[in-house]
Protein chains: 2
Amino acid sequence: MLQNYVSEAFLERIPLYLNELEKYKNDYISSTTLANILNLGEVLVRKDLAKISQGGKPKIGYHVMDLMNDIKDYMGYNNKSKAIIVGMGRLGNALYHYSGFNKYNIHILEAFDILDDYKNINEIKDFCSEQDIDVGIITVPKDQAQNVCNLLLSQGIKAIWNFAPIRLNVPEDVIVQNENLADSLSILIKHKNDVVRK
Amino acid sequence: MLQNYVSEAFLERIPLYLNELEKYKNDYISSTTLANILNLGEVLVRKDLAKISQGGKPKIGYHVMDLMNDIKDYMGYNNKSKAIIVGMGRLGNALYHYSGFNKYNIHILEAFDILDDYKNINEIKDFCSEQDIDVGIITVPKDQAQNVCNLLLSQGIKAIWNFAPIRLNVPEDVIVQNENLADSLSILIKHKNDVVRK
DNA sequence: TATATATCGATATAGTTATACCGATATCAA
DNA sequence: TTGATATCGGTATAACTATATCGATATATA
Ligand SMILES: NC(=O)c1ccc[n+]([C@@H]2O[C@H](COP(=O)([O-])OP(=O)(O)OC[C@H]3O[C@@H](n4cnc5c(N)ncnc54)[C@H](O)[C@@H]3O)[C@@H](O)[C@H]2O)c1
Ligand SMILES: NC(=O)c1ccc[n+]([C@@H]2O[C@H](COP(=O)([O-])OP(=O)(O)OC[C@H]3O[C@@H](n4cnc5c(N)ncnc54)[C@H](O)[C@@H]3O)[C@@H](O)[C@H]2O)c1
């Protein structure tokens with residue numbers, strides 16, 4: 001196991017913390033308070049924060065501004081990240097025009113498609129040779145996803161955010177995050193049905 | 001803890017299994033094979049399948065068609081689920097027109113907005129009184145999300161799929177699944193940066 | 001200044017999830 | 001028909017994650 005390994009659950013909590021802290025700028029907050037707001041255990045929150053923060057003060061808690069900055073440092077939000085997106089259909093368009101990524105200093109620099117309205121996919125090579133791209137976002141139909149993935153990998157991209165409902169084949173050193181919305185919705189419905197049946 | 005409690009991780013694996021099995025219809029498959037394809041432990045797969053299937057045969061494995069049907073029964077894919085969506089901006093449009101939910105027998109019956117192009121949000125009450133809706137999908141701006149959520153709850157909806165980057169306040173018996181895409185992307189980038197730095 | 005208290009952070013414990021192991025069994029090959 | 005073997009499914013173990021406990025400490029209050 002890697003030295004500074006942390007669990008996925010932990011990483012998913014960090015943006016939640018950051019989001020809440022936003023409301024308490026210019027103040028202090030205790031792990032107890034934060035835990036109660038987010039419906040988490042107080043010790044869990046304290047342990048999480050211990051991993052990334054300079055520490056809090058007994059009786060008072062954590063200095064919110066400092067804590068937010070520690071979180072941003074830890075998650076890399078203080079550094080700009082660059083993404084490109086391939087497939088400018090409905091979903092690609094939504095993501096490309098979404099401003100919510102800026103909060104994390106993530107910028108979708110260019111959008112590629114086979115259609116004329118966008119930068120042509122053939123130009124991806126030129127574009128990537130001039131930019132160091134952190135993430136490739138795949139929003140093409142599933143039968144095109146592996147092709148597009150290969151293209152992105154050939155440009156040296158090491159992280160893929162994949163919305164096509166298919167498992168991509170990639171080398172060991174490439175990270176793929178599948179965002180399977182249909183699976184996700186089906187699980188929500190499963191939960192709902194189980195509760196009702198209970 | 002509930003009697004038939006299963007972990008979230010387990011539920012997330014089930015659609016992956018179903019997806020792979022699609023390719024092996026009219027055949028048998030062993031837990032070992034399935035595990036290797038999906039990069040999972042063979043025992044884990046076997047334990048997962050034991051929870052939902054009629055069982056496999058030594059030396060042979062599981063009858064794929066039967067297994068698929070067991071999975072569909074378990075997840076409720078054999079029953080139709082009904083959803084409505086509120087907020088027909090870019091993201092709402094993408095989801096509304098996406099055909100991939102049909103695979104799980106999930107149907108988005110109607111789309112509401114304040115804009116004239118869609119069913120007006122004021123008509124939601126009439127609509128819901130005639131239909132038993134399983135899930136409400138929220139794709140409105142975040143400052144409208146809680147309002148819309150309350151409206152959905154007032155119509156008796158017990159499951160919310162929320163894309164607005166905000167935590168919704170709901171009663172105990174309502175299930176909210178937050179789909180925070182920005183958080184998700186930021187975590188992918190965090191992973192990528194860690195690997196590079198390693 | 002002395003005392004009470006909320007919180008931190010460290011350690012110990014519990015609970016949950018994944019893996020290892022092993023006997024039983026159905027199939028395939030000889 | 002017989003023996004070898006891959007796989008199942010149950011039990012035991014390990015790994016990981018979350019919670020409980022407790023002494024130390026900084027602040028607020030008397
Ligand atoms: N729309 C959704 O809400 C949704 C939800 C979940 C998953 N998805 C998945 O996301 C992907 C896109 O969905 P969508 O609804 O936006 O589809 P879409 O058909 O609207 O868009 C696909 C786009 O990809 C482009 N394209 C096709 N092949 C290409 C190639 N080789 N290179 C570059 N561009 C190419 C097309 O021109 C089109 O613009 C699909 O895989 C879909 O399964 C979509
Ligand atoms: N676009 C994305 O890729 C993306 C990604 C992540 C999260 N989100 C979130 O999803 C939500 C929608 O994003 P979008 O990009 O589609 O925004 P958008 O502005 O394109 O669409 C919002 C829609 O909601 C409608 N609306 C506003 N108030 C309403 C109300 N009270 N009742 C009914 N309809 C109402 C508007 O008329 C508009 O059509 C936002 O909360 C956003 O933060 C979007």
Side-chain angles (χ1 to χ4, degrees), chain A residues 1-17 20-21 24 26-68 70-71 74 187 190-191 194, chain B residues 1-17 20-21 24 26-68 70-71 74 187 190-191 194:
Chain A
M1 206 53 63
L2 295 174
Q3 240 179 339
N4 57 346
Y5 168 83
V6 293
S7 74
E8 198 64 22
F10 164 75
L11 287 176
E12 287 171 12
R13 287 191 294 269
I14 304 299
L16 301 184
Y17 297 145
E20 278 314 309
L21 293 174
Y24 299 87
N26 316 320
D27 209 346
Y28 282 79
I29 196 170
S30 72
S31 55
T32 316
T33 306
L34 193 50
N36 287 338
I37 294 171
L38 293 169
N39 265 300
L40 299 172
E42 49 166 315
V43 184
L44 179 63
V45 172
R46 205 144 57 228
K47 277 190 67 178
D48 283 352
L49 298 187
K51 287 183 187 157
I52 55 180
S53 83
Q54 316 259 251
K57 290 181 189 174
K59 180 92 183 208
I60 294 293
Y62 303 81
H63 185 70
V64 174
M65 289 278 250
D66 288 351
L67 183 53
M68 287 180 70
D70 286 342
I71 290 177
Y74 179 81
I187 290 169
K190 164 70 176 159
H191 280 303
D194 285 351
Chain B
M1 207 53 63
L2 294 174
Q3 239 179 342
N4 57 345
Y5 168 82
V6 293
S7 72
E8 196 64 23
F10 164 75
L11 286 176
E12 286 172 12
R13 287 192 293 269
I14 304 299
L16 301 183
Y17 296 144
E20 277 314 308
L21 293 174
Y24 299 86
N26 315 319
D27 207 347
Y28 283 79
I29 196 169
S30 72
S31 55
T32 317
T33 306
L34 193 51
N36 288 339
I37 293 171
L38 293 169
N39 264 301
L40 299 171
E42 50 167 313
V43 184
L44 178 62
V45 173
R46 204 147 53 231
K47 276 190 69 177
D48 283 351
L49 299 187
K51 287 182 187 157
I52 55 180
S53 84
Q54 315 260 247
K57 290 181 188 173
K59 179 90 185 214
I60 293 293
Y62 303 80
H63 184 70
V64 174
M65 290 278 251
D66 288 350
L67 183 52
M68 286 180 71
D70 287 341
I71 289 176
Y74 180 80
I187 291 169
K190 164 69 175 159
H191 280 304
D194 286 351

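Here the structure is a predicted model, which is why all the values come from computation and not from measurement.
- Here C/dC28 is the nucleotide among C/dC28, C/dT17, D/dT27 with the atom lying nearest to any side-chain atom of B/K59.
- Comparing C/dT7, D/dA18, D/dT5 against the side chain of A/T32 picks out C/dT7 as the nearest.
- Taking side-chain N and O atoms only, A/S30 has no distance below 4.0 Å to OP1 or OP2 of C/dC8.
- An OP1 or OP2 oxygen of D/dC8 is reached within less than 4.0 angstrom by a side-chain nitrogen or oxygen of B/S31.
- Taking 4.0 angstrom as the limit, A/Y5 places a side-chain polar atom (N or O) nearer than this to OP1 or OP2 of D/dT17.
- For B/Y28, no side-chain nitrogen or oxygen approaches OP1 or OP2 of D/dA6 to under 4.0 Å.
- For D/dG9, neither phosphate oxygen OP1 nor OP2 lies less than 4.0 angstrom from any side-chain nitrogen or oxygen of B/R46.
- Ranking D/dA6, D/dA20, C/dC8 by closeness to the A/V43 side chain, first place goes to D/dA20.
- A donor-acceptor distance shorter than 3.5 angstrom exists from the side chain of A/S53 to the backbone of A/L49, with no hydrogens or angles considered.
- Formation of a donor-acceptor pair under 3.5 Å by the A/K57 side chain with backbone atoms of A/H63 is not found in this model.
- If you check C/dT7, C/dA26, D/dA18 against the side chain of A/L44, the one that comes closest is D/dA18.
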Stepwise side chain to side chain contact (heavy atoms under 4.5 Å, CB included) test for B/Q54 and B/Y62: CA-CA 9 Å; B/Q54 315 260 247; B/Y62 303 80; over 6 Å; no
